[in-house]
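For reference, the structure discussed in these notes is given below.
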Amino acid sequence: MPQVLDPGKARTMDEFIGELRLLKAWAGGPSITEITRRVHQDWRRAGRPRTEWPARSTIGNCFLPGRRRPNPDLLLAVVRALAGGDEATVALWRQALRTVLGEAEAAARVRACDRLPAGPSQLLGRTRAASTVAAALTAARRPGAVVLEGTVGVGKTSLALHVARRIATRSSTGAPVLFARLRGSAPTGPAADPAAVLEIFLRLLGVTGDRIPHGVTARAALYRQLLRDTSALVVLDDAADAEQVRPLLPGDPACRTLVTSRRVMRALPGATRLTVEPLAPDDSVALLRRTAGAEPRATDTAAFRRIAADLGHLPLALTLIGRHMRQHTGWTLADYHSETVVPLALEEGVRAAIAASDAQTPPDSRKLLRLLALHPLDRTDTARAVALAGECEQAVRRHLDALCAAHLLTETGPGRFRMPALVRAYAEERVGLDVPATSIRQALCRVRAHTEAAGAGPARVLAA
């Protein structure tokens, strides 16, 4: 079998069906009638009763996308018929099918409810941002959504829920409130299937199971019909992309939808996109102090400011380090220096969160992220990125765009980029593990030559 026919590449049932159609073409494109004959022949040899033999139309349906309840036994029978009974090939496809069905089952496990999750009553440092989000939701008297985008750990969910609670409190009694975690950046497992989210939403809106239609399109239509003129509030947390969110939009100007995502949602129609920025220094210190809960340390404001700056003023990292302070009372503030506090934050949970975003970017973009960590500064430009990557400018620009879309880089100006401190620390960890030493040395030579050619003297780059 040619190398291109690799069912292991499939991550969804539709992708598996696509590989099955390629297998059919590789086998010479036998007709559905011929494949049915082969399956019947195999099942007769295996002693299976004639009442179990599939009809021609059933075999034909195996090649159609959009299958909700695939029959693994039948699909593997089709594979065996196309592969000439080669059991090694059948075993390969069996494993791929198990993986796909496991992913589909995981995607169908959705956390959704008709109320907002509990959270802190006070949200530090977000007064202006909360007012901006609330105003955007109020002003959006058209189908669409307000999307809160931003880097890992910046506090998108906390801000969204804070605003949503204020709106829900002021809304008219009886207006539906729907919330779902879409797992777009979950460290493990697939993102939530929008069809599964819609099934739960419909049940929460009073639709009995026998009235819930099959297929995401039909479910979305019924969902929008039920929410028409209801002033519903819909909160979709941690979205993967616009394709996942689009079926979940109420589509009615009277409804308000709030979405959070680590990804840039340019393809979402009618959306108002707002970037959530890190906390201001004073608010970072306040969050760190509140989480640490250590009064004797409260007077050393300079130390708290230094720690907050090392953490990039990210609420997730500040909370993790504050919790560490609370649990390790023998540590002084001097113990939390930059060489300690950043690795601690990574170890306590930031590494896994960044890795989840990193894993969703293309391989060449991930490689560039690691090579950028060879440059001693957190800021770079397109020309230096080209030198590090050793690729043409057009390709490198695509990589930079992908990293910016995942909020692993920030474009501070035309062709100029900044890497957040904790992302940089993650990339420094990974470069020696993921990039061959030879490639690192070549990248360092190229960037030295680029810097010297630019007239800046010998390049200040990390040693190989």
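Atom set for the values below is all heavy atoms of this structure, side chains included, hydrogens, waters and symmetry mates excluded.
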Q. Do V100 and T12 have side chains that get closer than 4.5 Å, going by heavy atoms?
A. no
Q: For Q41, look at atom CD and say whether over 12 heavy atoms of other residues, nucleotides or ligands are found less than 6.0 Å away.
A: yes
Q) More than 12 heavy atoms of other residues, nucleotides or ligands under 6.0 Å from NZ of K367: is that the case? A) no
Q. Ion pair present between D238 and R181, side-chain N to carboxylate O less than 4.0 angstrom?
A. no
Q. Of all heavy-atom pairs between L371 and A389, which one has the smallest distance, and what is that distance?
A. CD1-CA, 4.1 Å
Q) Hey, does H313 have a side-chain heavy atom less than 4.5 Å from the side chain of L287? A) no
(Q) Looking at R246, I want to see if its CZ is surrounded by more than 12 non-hydrogen atoms of other residues, nucleotides or ligands under 6.0 Å. (A) yes
Q) What are the two closest non-hydrogen atoms of L182 and Q244, and how far apart are they? A) O-NE2, 3.0 Å
(Q) For E411, is there an ion pair with R397 - N to carboxylate O distance below 4.0 angstrom? (A) yes
Q.
Taking the side chain as everything from C-beta on, heavy atoms only, tell me whether L409 gets closer than 4.5 Å to R418.
A. no
Q: With sequence neighbours excluded, tell me which residues meet ring-ring contact (aromatic ring centres under 6.0 Å, His included) with Y426.
A: none
(Q) I'd like to know if the side chain of H40 and the backbone of P54 have a donor-acceptor N/O pair within less than 3.5 Å. (A) yes
Q: Could you label the plane-to-plane angle of the Y336 and H324 rings as parallel, tilted or perpendicular, counting under 30° as parallel and over 60° as perpendicular?
A: perpendicular
Q.
For E34, I'd like to know if atom CD has over 12 heavy atoms of other residues, nucleotides or ligands within 6.0 Å.
A. yes
(Q) Salt bridge check, D241 against R266: does any charged N sit closer than 4.0 Å to a carboxylate O? (A) no
**Q.** Carboxylate-amine/guanidinium proximity below 4.0 Å for D42 and R45
**A.** yes
Q) Regarding H450 and R384, is there a side-chain donor-to-acceptor distance under 3.5 Å anywhere? A) no
Q: Step through the shown structure and confirm whether more than 12 heavy atoms of other residues, nucleotides or ligands are within 6.0 Å of CD on Q394.
A: no
Q) With a 3.5 Å cut-off and no angle check, do the side chains of T36 and R56 form a donor-acceptor pair? A) no
Q.
If you define the side chain from C-beta out and look only at heavy atoms, does anything of K24 sit under 4.5 Å from I35?
A. yes
Q. Taking all atoms of both residues into account, what is the closest heavy-atom pair of A402 and S365, and its distance?
A. CB-OG, 3.5 Å
Q.
If you apply the rule side-chain hydrogen bond (donor to acceptor under 3.5 Å, both in side chains), what do you find for T157 with D237, and how did you get there?
A. CA-CA 7 Å; T157 299; D237 183 41; 2.6 Å; yes
**Q.** Derivation and outcome, side chain to side chain contact (heavy atoms under 4.5 Å, CB included), residues T151 and L314
**A.** CA-CA 9 Å; T151 192; L314 292 177; 3.9 Å; yes
Q: Decide yes or no on side chain to side chain contact (heavy atoms under 4.5 Å, CB included) for R262 and L408, but give the supporting numbers first.
A: CA-CA 9 Å; R262 293 187 196 174; L408 295 170; over 6 Å; no
Q: Among residues two or more places apart or on two chains, list those pairs meeting salt bridge (charged side-chain N to carboxylate O under 4.0 Å, His left out) that have a residue in residues 202-217.
A: E199-R203
